[in-house]
2 protein chains.
Amino acid sequence: MDKKYTIKDIAKMAGVSKGTVDRVLHNRGKVSPTALEKINEVLNVIDYEPNLIARNLKSTKVYRICVLLPDPEIDSYWLPCVNGIQEAITEFKAYSVVIETHYFNPESTKSFLNTNENIIKQSPDAVLIAPLFHKETLEIVKQYDELNIMVNTFNNQIEGESIKSFVGQDLYKSGRVAASLMNLILTDGQIAIIHIDESLKNAVHMQEKEKGFRNYFDEKKISGFSLTTLKLKHPNVETKFLAFVEENPNLKGIFITTSKAYQIASILSSIKTRKIAIIGYDLVEKNVNFLNQGLVHFLIHQNQKRQAYLGVSTLVEHFLFRKDIPETILLPIDIINVENASFYVS
Amino acid sequence: MDKKYTIKDIAKMAGVSKGTVDRVLHNRGKVSPTALEKINEVLNVIDYEPNLIARNLKSTKVYRICVLLPDPEIDSYWLPCVNGIQEAITEFKAYSVVIETHYFNPESTKSFLNTNENIIKQSPDAVLIAPLFHKETLEIVKQYDELNIMVNTFNNQIEGESIKSFVGQDLYKSGRVAASLMNLILTDGQIAIIHIDESLKNAVHMQEKEKGFRNYFDEKKISGFSLTTLKLKHPNVETKFLAFVEENPNLKGIFITTSKAYQIASILSSIKTRKIAIIGYDLVEKNVNFLNQGLVHFLIHQNQKRQAYLGVSTLVEHFLFRKDIPETILLPIDIINVENASFYVS
DNA sequence: TTATTTTGTGTGTTCGAGCACATTTTTTGT
DNA sequence: ACAAAAAATGTGCTCGAACACACAAAATAA
């Protein structure tokens, strides 16, 4: 039978007191060889699993976890993360965990560093960081390491041996997925890879996607396509893009590496004469609207909500239930079109 | 501050004993209006959340949950479910829950009923059923209702007011998703909708998918396509299918409504002269192999593992944490091609 | 041999909710 | 007015792990 054994059971079986069993289990010394052997004998026979409930009941320690991400009011890309964090808060509200969210300005490394200082003042047990700035992240992680504060990262992967865990997506592969879909929609023609981002802070982010996208076409040796990269920045997006479309009459497809596909779709909707396929990222409302209108063909779902949720929950479960924190959690690259979109928006 | 209040705290604040507070919280009567008001006043001010850990520690009741599904040795479609159930067992092994799996022969209604009898003998607190047989399911659910045993269903949706909760996918919509992908691969020609199933027990299942698939083409008024339905049964699959391909030179695409796409792909791989697109269901190993070879274009992921996991975990969380059981959980219809498949196979 | 560490072992309390039971207060009946 | 019943309230124990502390049994020193 799958009876649950308690420390008391073990003590009785070994003919010692529960205190001695406890000392053996946590090897905090002061146990005679005789007692040790007797207890180990019992432990070898039965399958002891400590009751996590009782363990957590006793400990009065309140674990504090801080999440650091860009202010969703500045970049709405991060809005789903807030929901994911909220979900984790709700799930663990019954336990002695406090989860705090801190925002920084994604345009400012200074804001990033300042917010980190504030977090350190809270002396949390762990932090979950969206590491937008490479160099600054490595610096700050070193600080956390020295203070013995556990660090988890999400959204974009930062190289560095001090970074021990990450939740996110394989961006290179997501570029390849986009390419495979584009190759299905089109048979030939010019394809533009467009990076739209006011702050080019997540350049690596977008480059990885482009690499994957280009690599797919290179590897397959598919002829008939020509790929062009286009970088658009805030005030001139429309004028520059319209000029580009004008200059390239053979443009048949567009791959947008950020969540701003709706900007391009909106501009294109005014040019009824051209039929251009669009593939973008993220199920933000405006993107889904254009998906429903048929102007955007596919969206790749980055599932930020789940990223944030998993980032927090792995930390919480580490403290509460002593679970290991996985080195990398790669979320699937969800392919979204107008038919299945409704199941992903939450 | 976000201090966690205990019953004792409330008692002190309201000037009563913890017993009285307990009676108010669980409204088990015998409380004077005066005390009730005092306690409610306190409860309105503070935000009391009972400590689930302490609650579960006390209760010695062991909840028993039985899962009923077809024997995966007979139909390997169900293998991922076993993993999903195993995942739930691991997650909840620290709690006083026992999760038992029972198999039935999917070809035999008698086996289905017999296994249910066995489950009833175990007098579980809840069951999760894969309700393959419509009529028999309704009967058995009535029995469970009378015995006050909670019932949850997964995989295929059964109509009936006694069925209170379901975890699965919208099959009609998944047919539409398949159609939209087919419409992307092909521009015209004949498309076959193939049902392969030794036992035609899940006919409704497959019909829903076909309906969705056909509806997509009907609704869009796309000309140039002709749809044909083909039913193939075990010993004659190859001969009948080959004859069909022979007779229909314009056949360009095949939609297989079961997880047996690999059977068709395998037969087609011998006919090198014909280029026919295949869309099927489920990430079984053989299907993924043909996906990698480029013979299968898309697979729709039904995510049986997660279906089973969620089916069990909602029940467990209902008992342990008093969470509500959602009426229907519709999992997203994941679109899989060769580029993103690796992220979904577990 | 007796005093004094050192080492080993057992006992008892804590955590918070839940519930049985004891005790007090109020109400009802005569 | 007083007993008896009913209602209201408080007390105390339980669950299992963790750990402090008390105590006992050897080991060493004087």
Side-chain angles (χ1 to χ4, degrees), chain A residues 2-40 42-43 46-63 92-97 319-322, chain B residues 2-43 46-63 92-97 319-323:
Chain A
D2 38 21
K3 184 193 174 333
K4 292 256 165 56
Y5 291 97
T6 71
I7 285 193
K8 225 167 137 186
D9 293 327
I10 299 172
K12 200 186 286 174
M13 285 189 266
V16 292
S17 77
K18 67 196 180 86
T20 310
V21 176
D22 179 74
R23 271 181 287 270
V24 171
L25 287 173
H26 298 83
N27 39 279
R28 30 174 161 257
K30 314 292 172 203
V31 175
S32 71
T34 337
L36 182 69
E37 208 202 337
K38 277 192 292 183
I39 292 168
N40 272 331
V42 176
L43 286 176
I46 65 151
D47 187 27
Y48 174 67
E49 285 282 348
N51 184 326
L52 301 179
I53 296 171
R55 172 181 287 167
N56 281 312
L57 178 61
K58 178 60 175 74
S59 79
T60 48
K61 161 130 187 78
V62 175
Y63 295 98
F92 298 113
K93 67 162 178 269
Y95 300 88
S96 49
V97 193
F319 290 121
L320 291 183
F321 310 125
R322 315 209 174 172
Chain B
D2 37 22
K3 185 191 174 333
K4 292 258 160 56
Y5 292 96
T6 71
I7 285 193
K8 227 167 133 186
D9 292 328
I10 298 172
K12 200 186 288 175
M13 285 189 266
V16 293
S17 77
K18 70 195 182 86
T20 310
V21 175
D22 179 76
R23 273 181 287 268
V24 171
L25 287 173
H26 298 84
N27 40 278
R28 31 174 161 259
K30 315 290 171 203
V31 175
S32 71
T34 335
L36 181 70
E37 207 202 337
K38 276 193 291 183
I39 292 168
N40 273 331
E41 236 164 67
V42 175
L43 287 177
I46 66 152
D47 187 26
Y48 173 68
E49 283 287 344
N51 185 327
L52 299 181
I53 296 172
R55 170 182 289 168
N56 282 311
L57 178 61
K58 178 58 174 72
S59 78
T60 47
K61 161 130 187 79
V62 175
Y63 294 98
F92 297 113
K93 69 160 179 274
Y95 300 88
S96 48
V97 194
F319 290 122
L320 292 182
F321 310 127
R322 318 211 172 167
K323 285 196 187 171

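Values in this document were obtained by computation on a predicted structure and should not be read as measured data. Letters A, B, ... mirror the listed sequences (proteins, then strands); counts begin at 1.
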Fill in the blank from the handout: 5' to 3', nucleotides 7-14 of chain D under a 4.0 Å protein heavy-atom cut-off (B base, S sugar-phosphate only, - none) gives SSBBBBBB
Fill in the blank from the handout: Separation of D/dC19 atom C1' from A/His26 atom NE2, nearest Å, is 10 Å
Handout entry: Spatial distance of atom NZ (B/Lys12) from atom CD1 (B/Ile7) [nearest 0.5 Å]
Key = 14.5 Å
Problem - Sequence-distant partners of B/Tyr48, ring-ring contact (aromatic ring centres under 6.0 Å, His included), two or more places apart - result: none
Handout entry: From A/Arg322 atom CZ to A/Arg55 atom CZ, the distance as rounded to the nearest 0.5 Å
Key = 3.5 Å
Problem - Whole-Å gap separating P (D/dC15) and CG (A/Leu57) - result: 14 Å
Handout entry: Whole angstrom value for the distance that separates P of D/dA18 from CD1 of B/Ile53
Key = 13 Å
Exercise for the section: Please name all residues satisfying salt bridge (Lys or Arg N to Asp or Glu O under 4.0 Å) with B/Lys93, sequence neighbours left out, ordered by chain then number. Expected result: none
Completion exercise
side chain to side chain contact (heavy atoms under 4.5 Å, CB included) test vs B/Met13 passes for just one of B/Ile39, B/Leu43, B/Val42, B/Val21, namely B/Val42
Problem - Within 6.0 Å of CD in B/Glu49, more than 12 heavy atoms from elsewhere - result: yes
Fill in the blank from the handout: Hits for side chain to side chain donor-acceptor pair (under 3.5 Å) against B/Ser96, two or more places apart or cross-chain, chain-then-number order -> none
Problem - Sequence-aligned protein contact record of nucleotides 22-28 of chain D, with B where the base is within under 4.0 Å of a protein heavy atom and S where only the sugar-phosphate is - result: -------
Practice task
Send over the distance from A/Tyr95 OH to C/dG16 P, rounded to a whole Å.
Solution key: 15 Å
Practice task
Using atom CD1 of A/Ile10 as one end and atom C1' of C/dT9 as the other, report the distance to the nearest whole Å.
Solution key: 17 Å
Exercise for the section: Apply ring-ring contact (aromatic ring centres under 6.0 Å, His included) to A/Tyr95 and list each qualifying residue two or more places apart in sequence or on a separate chain. Expected result: A/Phe321
Exercise for the section: Check whether any side-chain N or O of A/Tyr48 sits under 4.0 Å from OP1 or OP2 of D/dA17, and answer yes or no. Expected result: yes
Problem - Length of the CG-P vector between A/Asp22 and D/dA20, whole Å - result: 10 Å
Fill in the blank from the handout: Quick note, salt bridge (Lys or Arg N to Asp or Glu O under 4.0 Å) partners involving residues 19-28 of chain B, not counting sequence neighbours, are B/Asp22-B/Arg28
Handout entry: All side chain to side chain donor-acceptor pair (under 3.5 Å) counterparts of A/Lys61, not counting sequence neighbours
Key = A/Asp125
Can you give me the N/O atom pairs linking the protein to nucleotides 24-26 of chain C at distances under 3.5 Å, or say none if there are none?
none

Practice task
Could you tell me the separation between the CG atom of A/Leu320 and the CD1 atom of A/Ile53, rounded to the nearest 0.5 Å?
Solution key: 12.0 Å
Exercise for the section: List in chain and number order the residues that pass side-chain contact (heavy atoms from CB on, under 4.5 Å) with A/Thr6, two or more places apart in sequence or in another chain; answer none if no residue qualifies. Expected result: A/Lys8, A/Asp9
Problem - Set of residues satisfying ring-ring contact (aromatic ring centres under 6.0 Å, His included) with respect to A/Tyr63, sequence neighbours excluded - result: A/Phe319
Problem - Atom-pair distance (CD1 on A/Ile7; C1' on C/dT9), nearest Å - result: 15 Å
Practice task
Look up atom CD1 in B/Ile10 and atom CD in B/Glu41, then write down how far apart they are to the nearest 0.5 Å.
Solution key: 13.5 Å
Problem - Overall bend - the helix from C/dT1-D/dA30 to C/dT30-D/dA1, comparing terminal axes fitted on five pairs, nearest 10 degrees - result: 60°
Exercise for the section: For A/Lys8 and D/dA18, give me the distance from atom NZ to atom P, rounded to whole Å. Expected result: 16 Å
